[in-house]
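To keep things clear, I will list the structure first and then write my remarks on it.
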Amino acid sequence: MKRVLLLGGVSEALAIARHLGPAHLYSLAGIGRVPTDLQCPVRVGGYGGAEGLARFIGEQGIDLLLDATHPYAAQISVNAAHAAQSTGIACWALRRPAWQAGAGDDWREVADWAELIAALAPFRRPLFTLGREPLQHLEEIPAAQFWTLRALDTCPGNERCEVIGARGPFLLEDERALFARRNIDVLVSKNSGSGATEPKLQVARERGVPVLILRRPPLPAVAREFTAVAEVLQALAAAGLLASP
Ligand code: NAP
């Protein structure tokens, strides 16, 4: 029986993991929730870089690496591509298509934190939806700004920043209420491409609020790339790795 190592961390990966039998392995970094109702075993924690992952692939007799990690989790994707290459197995990847700006959107792409802070200067009440990174910069918040920072878990902010702990999916009505209540004048976001976090973009459009988008990191080339869970399941089934899609 061939063995798949599925690298996860997003909802699509969990959807794939639900179709994997006990011969396969589902791998999580250990930041989010760990499912306990899967047929396949779940491995939690890092491998110690590409070399550690390659060693694990050899020890466990893995035949296929399936990278279904977040589009901004570039390190693990690079490690996966290197480890697959050095062990001579294939690496497939599920890559979420990016959101595209449409009519009425005012999206401004930024490359990194320095560009983001410069682009943020004219605004007063940003909503950050980048995860925990902005927490490292709370002492740098200009006197004219008040930040609302949404992350998976709540934690202390300071006099110029409130941290909200919340996990998607987020409802349009709730996002509308959040923007209105906090008088948000700019949204800061990754381009995650996830439907679960997309309503905030519609609210920004409705309210004429600009969106500062952190550019996606480049990801390595892999043997096969998919954009949807159903495509991955079909390919796994065609390779004899699933009973049925
Ligand atoms: P990252 O920078 O690419 O990875 C950092 C390290 O975490 C990796 O080098 C690896 O450690 C370990 N790791 C990451 N994913 C793993 C997995 N599926 N199984 C085992 N180890 C894993 O990733 P990140 O941005 O910190 O994100 C961590 C996890 O959260 C990822 O799995 C990602 O899918 C998920 N996530 C990330 C975001 C985001 O915005 N970045 C959002 C939602 C979910 P070793 O080098 O020791 O192997």
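Scope of the values below: all heavy atoms of this structure, side chains included, with no hydrogens, waters or symmetry mates. For ligands, and for the atoms within them, numbers begin at 1 and follow the listed sequence. Note that the structure is a prediction, hence the values are computed from the model and not measured.
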Practice task
Would you mind checking which non-hydrogen protein atom is closest to atom 35 (C) of ligand 1, with the distance to 0.1 Å?
Solution key: G9 O, 3.7 Å
Handout entry: Y47 N/O under 3.5 Å from ligand 1 N/O
Key = yes
Problem - Atom indices of ligand 1, in the order listed, that fall short of 4.0 Å to a heavy atom of N79 - result: 9 (O), 46 (O)
Problem - Nearest protein heavy atom with distance in Å, relative to atom 23 (O) of ligand 1 - result: A73 CB, 3.4 Å
Exercise for the section: Answer yes or no for atom 26 (O) of ligand 1: protein heavy atom present at a distance under 4.0 Å? Expected result: no
Fill in the blank from the handout: Heavy atoms of D185 and R124 approach each other most closely as OD2-N, 2.8 Å
Exercise for the section: Of all the heavy-atom pairs spanning S27 and L7, show the shortest one and how long it is. Expected result: OG-CD2, 3.6 Å
Handout entry: G8 N/O to ligand 1 N/O under 3.5 Å
Key = yes
Exercise for the section: Using distance alone, decide if ligand 1 has a nitrogen or oxygen within less than 3.5 Å of any nitrogen or oxygen in G48. Expected result: yes
Practice task
For the pair D63 and R3, find out whether any cationic side-chain nitrogen is under 4.0 Å from an anionic carboxylate oxygen.
Solution key: no
Exercise for the section: Look at atom 46 (O) of ligand 1 and say which protein heavy atom is nearest, naming residue and atom and giving the distance to 0.1 Å. Expected result: G49 N, 3.0 Å
Fill in the blank from the handout: Short version for L28: what comes under 4.0 Å of ligand 1, heavy atoms counted, is backbone
Exercise for the section: Starting at NE2 of H24, measure out to CD of Q60 and round the result to the nearest 0.5 Å. Expected result: 13.5 Å
Problem - E175/R207 ion pair, N-O < 4.0 Å - result: no
Fill in the blank from the handout: Among S77, A29, G46, G32, closest by heavy atom to atom 13 (N) of ligand 1 is A29
Handout entry: Electrostatic pair E109-R215, nearest N-O below 4.0 angstrom
Key = yes
Practice task
Take F56 and L5 through the side-chain contact (heavy atoms from CB on, under 4.5 Å) test and state the conclusion after the steps.
Solution key: CA-CA 10 Å; F56 184 83; L5 176 60; 4.1 Å; yes
Problem - Polar contact flag for T69 and ligand 1 (N/O pairs, less than 3.5 Å) - result: no
Practice task
Starting from atom 41 (N) of ligand 1, locate the nearest protein heavy atom and write down its residue, its atom name and how far away it is, to 0.1 Å.
Solution key: K190 NZ, 3.7 Å
Completion exercise
Short version for R43: what comes under 4.0 Å of ligand 1, heavy atoms counted, is neither
Exercise for the section: Kindly indicate whether the side chain of L138, heavy atoms from C-beta on, has any atom under 4.5 Å from the side chain of L149. Expected result: yes
Handout entry: Salt-bridge contact R95-D67 (side-chain N to carboxylate O under 4.0 Å)
Key = yes
Fill in the blank from the handout: Atoms of ligand 1 under 4.0 Å from any heavy atom of S27, numbered from 1 in the order shown, are 17 (C), 18 (N), 19 (N), 20 (C)
Practice task
Over 60° means perpendicular and under 30° means parallel, so classify the ring planes of F128 and W147, tilted if in between.
Solution key: tilted
Fill in the blank from the handout: closest protein heavy atom to atom 37 (C) of ligand 1 is H70 CB, 3.5 Å
Practice task
Would you mind checking which non-hydrogen protein atom is closest to atom 10 (C) of ligand 1, with the distance to 0.1 Å?
Solution key: I76 CD1, 3.9 Å
Exercise for the section: Measure from atom 21 (N) of ligand 1 to every heavy atom in G45, A74, S11 and give the option owning the shortest one. Expected result: G45
Practice task
Following the transitive rule for hydrophobic clusters with a side-chain heavy-atom cut-off under 4.5 Å over Ile, Leu, Val, Met, Phe, Trp and Tyr, establish whether L236 and L14 coincide in one cluster.
Solution key: yes
Handout entry: Proximal ligand 1 atoms for Q75, defined as those under 4.0 Å from one of its heavy atoms
Key = 1 (P), 2 (O), 3 (O), 4 (O), 9 (O)
Practice task
Would you kindly specify which portion of I31 sits under 4.0 Å from ligand 1, judged on non-hydrogen atoms: side chain, backbone, both or neither?
Solution key: side chain
Problem - Distance (rounded to the nearest 0.5 Å) between I164 CD1 and L152 CG - result: 13.0 Å
Practice task
May I ask whether G52 places a heavy atom under 4.0 Å from ligand 1?
Solution key: no
